[in-house]
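Below you'll find the structure, written out as structure tokens, and then a few comments.
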Amino acid sequence: MIDAKSGDVHLGVVGAGAMGQGIMQVALTGGMRVSVYDAGEGAAERGARTVMQRIERLVEKGKLGKDEAESCRGRLKLAGGLDGLAGCHAVIEAVFENLEIKRKIFAGLEGIVGDDCLIASNTSSLLIAAIACGCRKRDRIAGMHFFNPVPLMKLVEVVRGPDTSDEAIAFLTALGERMGRVPVTVKDAPGFLVNLGGRAYTTEAMRILCERVATPAQIDAVMRDCCGFRMGPLELADLTGIDVNYPVSQFVYDGYNQDPRLKTSFPHRALYEAGRFGRKTGQGNYRYGEDGKPIEDGSADHVTTAAPAGHLVLGEVDEPALSFLAGLGAKLLDHDDGKSPIVAELLGEDCTAHAVRTEVDHRRLVALDLSCDTSKRVTIMTAPSADAAARDAVAALIAKSGRAVTAIKDSPGFISQRMRAMVANLGCEMAQIGIAEPEQIDLAMRLGLNYPLGPLELAEHMGLSDTLAMLERLQAITGDDRYRPSLWLKRRAGLGLAIHTPD
Ligand SMILES: NC(=O)c1ccc[n+]([C@@H]2O[C@H](COP(=O)([O-])OP(=O)(O)OC[C@H]3O[C@@H](n4cnc5c(N)ncnc54)[C@H](O)[C@@H]3O)[C@@H](O)[C@H]2O)c1
């Protein structure tokens, strides 16, 4: 087999659409020879022209030398049919997402290319096993799942089918690196790694919306300001498009035999059915103006004219919470005076469960989420029929310190805890079922979805026992198996091991 890193690799690309073009571009800038075939009339030529225009733009931006661009042009060839790919060392297929079409192409390629030519599919939703099942020599068949737009997205998932050889994985990994990507080897399973791992962030936000705990603006602001995510889940869903993420959610949910952890909620379907696909249609979780910017539909901030609380009755709080409260300048009472707001720091509990358990007056109970970054924004939460004056007095006290306040309805785990616990739990489950090595799961989720931390790192950051406690309480309070903790997390929390500890 040719040396994938430095040899004169000849890559075939089948399909010159959005993905095929991106793959061609990074293969050319990686120094390979590329032959492209597309069944559409003039499609290969159009695709090749677009790729060369993009490469010229790189020259204009000073990112690529003129000579290198000329060299790329010389290495790019059009193939009139699949047989034009006969001498290739590897072929990547990026045609329509249709199993029959892909199977036909793979069968056709097997009759054309040499026995040591690798054949990879860029499919995002079909199993490699299903594409490969009619093939004669299946050890050289794999997935090579790039992300859109390819030149900007560093990650590539190298999918190991049931028969894929170690040599094929090593070759495709080296090829991916040569294309300037970061390859991660993943299991052949629904959604592979990133499209599975990303389900928690979207579907838990939809669940919170469904329960009317908070508005899209509140959910997004908390995830950005308190949890370090670049985008909130609902603005992100609008950007990727509800027409994309709703079917992906359904397909992954069905692929895992309707595991409740992966279930999305009705608001997601409602948007999909209504054709409210997000930015592209001007309406989704938000409404968008002519300029494409969201129209403010209620602020995430709880603004009040109430006077800051003078006294606070202490419920259950720990040391860091005490210093947070002391920093607000309120006088903390250690007995209930019967009129001041009662503040408690909750982990995985809602106000109702807390009030029932500790027998405090639920009307004056104001819960604080201090589990996340509270330097910009603090989430407060109250029970049904709570005293608005108690809530507003606490909100005013926090606002006086320069922080924004998000006031939500009763919810086990507020927003930040249940969102992060679900992301972390799904990452743990991915490690448990062997989607990829634990460190690689984190790497892929950071690169593929721009998460500030990978899901296992997130569990470590929140603390394994706290993450487990959040999930167990969420499961107990809601009665929903959606929140059942992964055995991966349970075992490592129970044994006091680091989250990346292998089995
Ligand atoms: N677009 C994305 O965001 C994205 C991301 C990751 C993976 N993918 C996957 O990549 C693949 C391609 O997606 P895309 O967005 O580039 O699609 P696209 O519609 O932009 O391009 C597909 C191309 O395949 C060509 N084609 C169709 N049938 C063919 C055949 N029998 N032989 C040769 N060419 C044929 C079409 O003419 C078209 O040019 C799909 O499997 C998709 O699931 C897409």
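Just follow the structure's listing: the first ligand is 1, and inside any ligand the first atom is 1.
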Measuring from Ile92:CD1 to Leu175:CG, what's the distance to the nearest 0.5 Å?
6.0 Å
Contact atoms of ligand 1, heavy-atom distance to Gly15 under 4.0 Å
24 (O)
No-hydrogen, no-angle side-chain donor-acceptor test under 3.5 Å, Thr202 and Asn245:
no
Would you tell me which option among Val95, Val150, Asn98, Asp38 has the nearest heavy-atom contact to atom 36 (C) of ligand 1?
Asp38
In plain terms, say whether Arg482 and Glu204 are close enough for a salt bridge, that is, a side-chain N and a carboxylate O under 4.0 Å apart.
yes
Determine whether any heavy atom of His145 lies closer than 4.0 Å to an atom of ligand 1.
yes
So, Asp115 and Arg136, do they make that salt bridge, N to O below 4.0 Å?
yes
Side-chain H-bond candidate by donor/acceptor type, Asn425 with Ser486, under 3.5 Å:
no
Taking only non-hydrogen atoms of Ile101 and a 4.0 Å limit, the atoms of ligand 1 in range are 31 (N)
Which atoms from ligand 1 have a heavy atom of Thr123 less than 4.0 Å away?
41 (O)
Can you name the atoms of ligand 1, numbered from 1 with element, that are less than 4.0 Å from a heavy atom of Ile105?
30 (C), 31 (N), 32 (N)
Could you list which atoms of ligand 1 come closer than 4.0 Å to a heavy atom of Lys102?
40 (C), 41 (O)
Ring centre gap for Phe229 and Tyr201 strictly below 6.0 Å:
yes
Tell me, which protein residue and heavy-atom name are nearest atom 41 (O) of ligand 1, and how many Å apart are they?
Glu97 OE1, 2.5 Å
Distance under 6.0 Å and angle within 45° of ring axis: Arg492 vs Trp488:
yes
Residues Arg75, Glu68: salt bridge by 4.0 Å N-O rule
no
Starting from atom 20 (O) of ligand 1, what is the nearest protein heavy atom, named by residue and atom, and what distance separates them?
Ala18 N, 3.0 Å
Any side-chain donor near an acceptor of the partner, Gln475 and Asp481, under 3.5 Å:
yes
Give the residue, atom name and distance (to 0.1 Å) of the protein heavy atom nearest atom 19 (O) of ligand 1.
Phe96 CE2, 3.5 Å
At what distance is the nearest protein heavy atom to atom 13 (O) of ligand 1, and which residue and atom is it?
Met19 CG, 3.8 Å
Which ligand 1 atoms does Asn148 reach within 4.0 Å, using its non-hydrogen atoms?
1 (N), 2 (C), 3 (O)
I'd like the name of whichever of Asn122, Ile23, Ile92, Val14 reaches closest to atom 10 (O) of ligand 1 through any heavy atom.
Asn122
Please state which option from Ala39, Ala79, Ser121, Ser124 has its nearest heavy atom closest to atom 30 (C) of ligand 1.
Ala39
Taking distance alone, with no angle check, do Phe147 and ligand 1 share an N/O pair under 3.5 Å?
no
Can you tell me the protein heavy atom closest to atom 6 (C) of ligand 1 and the distance?
Phe146 O, 3.2 Å
Using 4.0 Å as the upper bound for N to carboxylate O, is an ion pair formed by Arg33 and Asp8?
yes
Checking a contact table here: which protein heavy atom is nearest atom 21 (O) of ligand 1, and how many Å away?
Gly17 CA, 3.3 Å
Take the angle between the ring planes of Tyr288 and Tyr286 and call it parallel below 30°, perpendicular above 60°, tilted in between.
perpendicular
